[in-house]
Protein chains: 2
Amino acid sequence: MALMQSADTRYSKPVLVAVNKPFDDEDGLQALRSHPLFRNLRPRDLESLIQQSRRLRLGHHQLLYRQDMPAHHFFFVISGRLRLYRLDSSGIDRTLDSIAPGDCFAEVMIYADPPRYACYAEALKSSEVLMIPVKAYRELLDQHPEYAQAALSHYAKRAVTRFHDLEIMTVQNARDRLIRYLIDLLPNGTEQGGEVELPLPKCLVASRLAMQPETFSRILADLKANGLVRVNRSKLFISDPQRLIEISQ
Amino acid sequence: MALMQSADTRYSKPVLVAVNKPFDDEDGLQALRSHPLFRNLRPRDLESLIQQSRRLRLGHHQLLYRQDMPAHHFFFVISGRLRLYRLDSSGIDRTLDSIAPGDCFAEVMIYADPPRYACYAEALKSSEVLMIPVKAYRELLDQHPEYAQAALSHYAKRAVTRFHDLEIMTVQNARDRLIRYLIDLLPNGTEQGGEVELPLPKCLVASRLAMQPETFSRILADLKANGLVRVNRSKLFISDPQRLIEISQ
DNA sequence: CTGAGTAATTGATTTAACTCAAAGATTAGT
DNA sequence: ACTAATCTTTGAGTTAAATCAATTACTCAG
């Protein structure tokens with residue numbers, strides 16, 4: 001019943017039904033082959049895994065899975081972009097993560113117990129994902145324990161990232177939270193400034209940072225007025241990251 | 001230099017210097033033997049790991065490690081309680097987690113690269129921890145790949161927990177954040193109400209939830225006035241969790 | 001290319017949460 | 001048990017951010 005509570009009618013399209021063309025390989029899977037979770041697999045094993053997977057096309061705003069649904073698959077993004085979010089009891093939509101091509105998500109489900117998705121996942125624009133059976137990957141790990149190293153390392157990294165995300169959210173004021181978020185978008189070690197692209201529409205970045213879209217807009221306008229960022233659609237140019245950090249105290 | 005920036009003079013005691021009695025086993029390590037990361041180790045391997053570890057006593061407020069310090073060990077809490085926190089550039093202390101006896105922490109360092117602590121760790125009261133060399137545990141995993149399963153499962157759980165913590169922090173108002181936090185402290189599936197103990201002093205719970213101590217106090221006073229919780233020091237009795245959830249909308 | 005629907009901005013107002021301050025309560029250490 | 005230090009609570013005033021409302025700018029599907 002938790003699965004049905006959404007009043008959001010946009011999401012009425014079928015969910016998790018792979019009606020697409022049979023899988024024909026060799027487009028868009030280069031990134032998969034170099035992903036930490038897969039790059040050490042022997043070709044045979046990787047091919048077998050891919051054979052057991054399905055390629056799934058998602059339209060703009062199409063829901064991939066719902067919070068609390070049994071999780072039999074995890075996902076690799078071939079193209080497009082997705083977002084993870086939760087709905088609270090009053091229906092407020094809270095964005096938790098965005099996912100770019102080349103990334104995996106819901107991969108912790110491989111070892112979750114019970115295996116249920118912890119949030120909703122939807123396409124932000126038309127996207128293509130590979131839908132990998134949890135069971136298949138797990139069997140691979142069980143049969144070839146040497147593969148576990150990569151998975152462990154990946155999971156450790158994931159845990160660190162989440163910890164870091166949590167840290168940003170303990171920053172008490174909206175402006176500093178936004179600044180920290182922007183700094184983190186810069187390729188690390190950027191001193192001389194650089195351009196970043198918001199991975200989400202502004203209203204969803206706002207949601208991710210626990211503030212209203214209006215607040216987001218005003219803070220950005222203010223940073224712009226102070227010459228700290230230049231804004232062009234979803235692209236932001238940050239001329240002096242150091243100064244930005246100082247301003248956030 | 002980041003290591004030295006704290007203006008906090010409380011933390012002048014030596015850090016990470018194990019000057020304690022040689023390790024003599026068989027007190028307080030029962031919990032270790034049943035921890036997911038260790039319970040599947042063969043006795044020989046576990047003993048070897050314990051031999052390579054040192055038991056460390058920490059006094060009240062004593063710092064265990066600093067953010068950005070090279071991480072050669074991870075930890076198991078034998079007794080007491082610790083907290084993880086970060087200091088931002090203006091010296092504001094932001095609490096990220098609290099750790100109880102029987103828990104491991106900094107265990108993601110086993111696979112981190114570079115291995116540096118992501119935050120500070122200090123004892124909240126006098127505590128005892130086991131300081132396990134990252135290298136030793138890693139070698140164990142490399143030599144006995146069958147151990148990896150437990151580690152993977154543990155890491156997956158950790159990632160889910162952090163995700164969940166993040167979710168709470170995307171709740172925009174302080175009252176609802178606090179309510180969500182309290183609900184999560186209840187043993188899961190508690191319907192009829194129950195008592196929870198705050199794992200941190202109130203001012204640090206406030207910091208963990210990105211609010212001021214005064215705000216925390218006022219919200220709690222208000223919940224108390226509405227008969228939603230009864231407060232006794234750091235113990236809270238929540239009579240009707242369901243109603244509390246409803247109130248948080 | 002066009003228009004409907006969504007997203008973003010800006011202004012005015014209200015409210016929640018912060019800050020400062022001072023008095024109690026609790027805790028840790030002697 | 002006592003004392004000093006820290007934590008907690010409460011009050012009053014201020015500020016940051018939310019809300020409400022209206023306009024403008026995008027986006028994308030047809």
Side-chain angles (χ1 to χ4, degrees), chain A residues 8-11 13 58-62 80-81 83 90 92-95 122-127 170-179 198 200-225 231-236 248-249, chain B residues 8-11 13 58-62 80-81 83 90 92-93 95 122-127 169-179 197-198 200-225 229 231-236 248-249:
Chain A
D8 199 333
T9 53
R10 280 190 311 188
Y11 303 129
K13 295 173 204 171
L58 299 166
H60 183 231
H61 273 156
Q62 191 177 349
R81 190 172 283 274
R83 105 179 146 110
S90 58
I92 292 170
D93 168 327
R94 291 181 287 125
T95 298
E122 68 157 21
L124 285 169
K125 48 184 169 183
S126 79
S127 304
T170 63
V171 173
Q172 286 194 32
N173 73 76
R175 160 188 285 245
D176 293 353
R177 242 164 22 238
L178 174 52
I179 289 177
L198 296 176
L200 295 162
K202 289 170 183 172
C203 65
L204 295 181
V205 175
S207 150
R208 167 69 181 72
L209 295 175
M211 67 182 75
Q212 295 301 321
E214 294 94 329
T215 303
F216 179 95
S217 180
R218 282 186 244 267
I219 292 170
L220 205 58
D222 182 69
L223 293 178
K224 201 162 44 174
V231 182
N232 179 240
R233 321 238 185 217
S234 70
K235 290 191 171 62
L236 309 184
S248 81
Q249 299 268 1
Chain B
D8 200 333
T9 54
R10 278 190 312 188
Y11 303 130
K13 296 173 205 172
L58 299 167
H60 183 233
H61 272 157
Q62 190 175 351
R81 189 172 284 274
R83 105 179 146 109
S90 58
I92 292 170
D93 168 328
T95 299
E122 67 158 21
L124 285 169
K125 48 183 169 181
S126 79
S127 303
M169 297 310 288
T170 63
V171 173
Q172 285 194 31
N173 74 75
R175 160 187 285 246
D176 293 352
R177 242 162 23 238
L178 173 52
I179 290 176
E197 174 144 24
L198 296 176
L200 294 162
K202 288 170 184 170
C203 65
L204 295 181
V205 175
S207 151
R208 168 69 181 72
L209 295 175
M211 67 183 75
Q212 296 301 127
E214 295 94 328
T215 303
F216 179 95
S217 179
R218 282 185 243 268
I219 292 170
L220 206 58
D222 183 69
L223 293 178
K224 202 162 45 173
V229 298
V231 182
N232 179 240
R233 321 234 186 217
S234 70
K235 289 191 172 64
L236 310 184
S248 81
Q249 299 268 359

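In what follows, every chain begins at residue 1, and chains take the letters A, B, ... in the order their sequences are listed. Since we're looking at a predicted model, the values are computed, not measured.
A174(B) is linked by a side-chain contact (heavy atoms from CB on, under 4.5 Å) to R177(B), M211(B), T215(B), I219(B), counting only residues two or more places apart in sequence or in another chain. In this structure, S217(B) has no side chain to side chain donor-acceptor pair (under 3.5 Å) partners at least two apart in sequence or on a different chain. The side chain to side chain donor-acceptor pair (under 3.5 Å) test applied to E214(B) returns no partner, not counting sequence neighbours. The side chain to side chain donor-acceptor pair (under 3.5 Å) test applied to T170(A) returns R94(B), not counting sequence neighbours. Scanning for salt bridge (Lys or Arg N to Asp or Glu O under 4.0 Å) contacts around R175(B) gives D222(B), with sequence neighbours left out. Listed by chain and residue number, nothing satisfies the side chain to side chain donor-acceptor pair (under 3.5 Å) test with S126(B) (two or more places apart in sequence, or in another chain). Residues passing the salt bridge (Lys or Arg N to Asp or Glu O under 4.0 Å) test with K235(B), sequence neighbours excluded: E197(B).
In this structure, CZ on R83(A) lies 4.5 Å from CG on L204(A), to the nearest 0.5 angstrom. Interatomic distance, I179(B) CD1 to N173(B) CG, rounded to the nearest 0.5 Å: 8.0 Å.
In the helix from dC1(C)-dG30(D) to dT30(C)-dA1(D), the rotation axis of the first five pairs and that of the last five pairs differ in direction by 70°, rounded to 10 degrees.
Residues L198(A) and K202(A) come closest through the heavy atom pair CD1-CG, 3.8 Å.
What separates CD1 of I92(A) from P of dA18(D) is a distance of 12 Å, to the nearest Å. Across the protein-nucleic acid pair, N173(B) atom CG and dA16(D) atom C1' stand 15 Å apart, rounded to whole Å. If you take CG of L178(B) and C1' of dT8(D), they are 15 Å apart, rounded to a whole angstrom. Per the geometry, CG belonging to N232(A) stands 15 Å off P belonging to dA25(D), to the nearest Å. A straight line from CG of L223(B) to C1' of dT9(D) spans 15 Å, rounded to a whole angstrom. Whole-Å rounding puts the Q172(B) CD to dT19(D) C1' distance at 11 Å. In this structure, R175(B) atom CZ and dC18(C) atom P are separated by 14 Å, rounded to whole Å. Spacing between atom CZ of R177(A) and atom P of dA16(D) amounts to 14 Å, rounded to whole angstrom units.
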What's touching nucleotides 27-30 of chain C from the protein side, N or O pairs under 3.5 Å?
from: dT27(C); atom 1: OP2; to: R233(B); atom 2: NH1; distance (Å): 3.3

Output a table of nitrogen or oxygen pairs between the protein and nucleotides 20-22 of chain D separated by less than 3.5 Å.
from: dC20(D); atom 1: N4; to: E214(A); atom 2: OE2; distance (Å): 3.2

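Regarding contacts with the backbone of dT9(D), a side-chain N or O of S217(B) is found under 4.0 angstrom from either OP1 or OP2.
Contact check for L124(A) versus E122(A): side-chain heavy atoms found under the 4.5 Å cut-off. M169(B) has its side chain within reach of R208(B): a pair of non-hydrogen atoms, C-beta onward, lies under 4.5 Å apart.
For the pair S207(A) (side chain) and T95(A) (backbone), a donor-acceptor distance under 3.5 Å is present.
When each of dA18(D), dA7(C), dC18(C) is scored by its nearest atom to the side-chain atoms of P201(A), the top-ranked nucleotide is dA7(C).
Using a 4.0 Å cutoff on non-hydrogen atoms, the parts of residues 202-213 of chain A near DNA chain C are K202(A), C203(A), ordered by number.
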Please assess L236(B) against L220(B) for the test side-chain contact (heavy atoms from CB on, under 4.5 Å), listing each intermediate value before the final yes or no.
CA-CA 10 Å; L236(B) 310 184; L220(B) 206 58; 4.3 Å; yes
